[in-house]
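As structure tokens, the structure follows; a few thoughts come after it.
Heads up: numbering here begins at 1 and tracks the sequence. Please read these numbers as outputs of a predicted model, since none were measured by experiment. Order of appearance sets the numbers: ligands from 1, and atoms from 1 within every ligand.
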Amino acid sequence: MSISIPLNTTLQYSSSSSLAPSFSLFSPITSTAVSVTGIRQRCLRMVTSCVSNAQKSVLNGATDAVSIVGREQIRLGLPSKGRMAADSLDLLKDCQLFVKQVNPRQYVAQIPQLPNTEVWFQRPKDIVRKLLSGDLDLGIVGLDIVGEFGQGNEDLIIVHEALNFGDCHLSIAIPNYGIFENIKSLKELAQMPQWTEERPLRVATGFTYLGSKFMKENGIKHVTFSTADGALEAAPAMGIADAILDLVSSGTTLKENNLKEIEGGVVLESQAALVASRRALTERKGALETVHEILERLEAHLKANGQFTVVANMRGTDAEEVAERVKTQPSLSGLQGPTISPVYCKRDGKVSIEYYAIVICVPKKALYESVQQLRAVGGSGVLVSPLTYIFDEETPRWSQLLSKLGM
Ligand SMILES: Nc1ncnc2c1ncn2[C@@H]1O[C@H](COP(=O)(O)OP(=O)(O)OP(=O)(O)O)[C@@H](O)[C@H]1O
Ligand SMILES: O=P(O)(O)OC[C@H]1O[C@H](OP(=O)(O)OP(=O)(O)O)[C@H](O)[C@@H]1O
Ligand SMILES: [Mg+2]
């Protein structure tokens, strides 16, 4: 990379709120800044050093980034557009974290519930890059993007790996016609005699890092990659590539372009994740507390999201006897166990206990089965309602995070 600075150019340097110093070059024609020949040398040295720091940061991650100083706010990166954008905001809303973005073209926003945090909207790949350069502290992106642009950098920490949206997988696909008609697995693809050093397997992908790592791990030597920004599924039919490596969710795009996935060809499973910079968590004041709060809210919401509260009445002699009956059924154990409380009825002017109310949480998937089991042990009047949050004593991911941080 080379930089040329015209003789009459001045450099403005600021290290204001961001981690990395920023600099800008001003031409005297358009700015009032004064050029002093003596400063030029110093400016040149500063530019060279900034550029080389920036290059190092990109190559090595935040290890070489400027130290964590100068900025009070924690920065959370959210996808600025595309299929992850609305879902990220909806998830935070479900956690009672309301991102106040006045209009969609505004790239910075606040969350009133987290006054020390600012939101920056960025393209997903830039969120990962900026976590590594120290310009963001936290981010929500797909695991595919973390893998491709994070390149295994140890400064990136996955705080929550399953935010329950953006599900897809990164997979190799080949034509379902011609020489590939009978090829069903990666092994068969690798063993095709067509691929040689002179004529390698040509793969079109936006995931060249993960792609070449995967091919190496699977012992496929004769392979080259080409890249494009989208519509990769056209590449085989256009004669540009033999195979593609791209994200798949419904599989419609593959099908519509006469392509098929193969056994052993899935490079990774992806969904949205909460990612953090290790350095930010260990060095930036308040970052760890903020991530703890976000994690608690996320876990409480995501855990509750998969469950219903079920209330039923059950005739019995006492609470223990009802508990014994309920415990015979596998789907009725609840989180810790069923809550059983007496139902006070008035009969002939006297208060008596004939029924007990049982309250349990059941996984949504097991709802009908649970209702049947409740009925089988004498349950009646079953009420089912959605659960909004389950706050556990401590979230398991929090202790995992602390141990990843060596705390
Ligand atoms: N079918 C899918 N195709 C692509 N990405 C998907 C799919 N389903 C979920 N995703 C997730 O959405 C992310 C991409 O979203 P989107 O395509 O909107 O991003 P982008 O940065 O705008 O990409 P692009 O380079 O296509 O403009 C992926 O990184 C992945 O995590
Ligand atoms: O399995 P499916 O549900 O069909 O989804 C997969 C397609 O979606 C994505 O493309 P996108 O819509 O982002 O368009 P692009 O390829 O132009 O980026 C991805 O790159 C695949 O092409
Ligand atoms: Mg896309």
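Within the set K125, R83, E148, M84, the minimum heavy-atom distance to atom 10 (N) of ligand 1 is found for R83.
Every atom of ligand 2 with a heavy atom of D246 under 4.0 Å away is listed here by number and element: 19 (C), 20 (O), 21 (C), 22 (O). Near I145, meaning under 4.0 Å from any of its heavy atoms, are these atoms of ligand 1: 29 (O). Each of the atoms 1 (N), 2 (C), 8 (N) of ligand 1 lies under 4.0 Å from some heavy atom of S249. Of all atoms in ligand 2, listed by their number and element, those nearer than 4.0 Å to a heavy atom of T253 are 2 (P), 4 (O), 5 (O), 6 (C), 7 (C), 22 (O). Counting atoms of ligand 2 from 1 in the listed order, those under 4.0 Å from a heavy atom of A231 are 15 (P), 16 (O), 17 (O). For ligand 1, the atoms closer than 4.0 angstrom to any heavy atom of P124 are 21 (O). In summary, the atoms of ligand 2 found under 4.0 Å from a heavy atom of V248, numbered by their order in the structure, are 1 (O). Ligand-side atoms of ligand 2 in range of E233: 21 (C), 22 (O), range being under 4.0 angstrom from any heavy atom. Residue contact check: S250 has heavy atoms under 4.0 Å from atoms 1 (O), 2 (P), 3 (O), 4 (O) of ligand 2. Per-residue contacts place G142 under 4.0 angstrom from the following atoms of ligand 1 (heavy atoms of the residue considered): 31 (O). Counting the atoms of ligand 1 from 1 in the order shown, those under 4.0 Å from a heavy atom of G82 are 18 (O). Listed by number with element, the atoms of ligand 1 under 4.0 Å from a non-hydrogen atom of D167 are 8 (N), 9 (C).
Annotation: side chain of T282 is in contact with side chain of M407 (closest heavy-atom distance under 4.5 Å).
Contacts with ligand 1 closer than 4.0 Å are made by no heavy atom of L143, backbone or side chain.
Under the 4.0 Å criterion applied to side-chain N and carboxylate O atoms, R75 and D137 are not assigned as salt-bridge partners.
The two residues M84 and G166 make their nearest non-hydrogen contact at SD-CA, 4.1 Å.
For the atom pair OH of Y389 and SG of C95, the computed distance is 6.0 Å after rounding to the nearest 0.5 Å. With values rounded to the nearest 0.5 angstrom, L131 atom CG is found 12.5 Å from R279 atom CZ.
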Does the side chain to side chain contact (heavy atoms under 4.5 Å, CB included) test come out yes or no for L405 and L288, once each step is laid out? CA-CA 10 Å; L405 293 172; L288 201 56; 3.7 Å; yes

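No hydrogens or angles considered: nothing links the side chains of E233 and T253 as a donor-acceptor pair under 3.5 Å.
For the ligand labelled ligand 1, residue G166 lies inside the 4.0 Å heavy-atom shell. Under a 4.0 angstrom heavy-atom cut-off, E256 registers as lying outside contact with ligand 2.
Aromatic ring pairs are classed by plane angle as parallel below 30°, tilted from 30° to 60° and perpendicular above 60°; the pair F180 and W195 is parallel.
The neighbour count for E217 CD, taken as heavy atoms of other residues, nucleotides or ligands under 6.0 Å away, is above 12.
Residues passing the salt bridge (Lys or Arg N to Asp or Glu O under 4.0 Å) test with E320, sequence neighbours excluded: none. Annotation: salt bridge (Lys or Arg N to Asp or Glu O under 4.0 Å) contacts of R397 (sequence neighbours excluded): E161, E299.
Any N or O atom pair closer than 3.5 Å counts here, and G251 shares at least one such pair with ligand 2.
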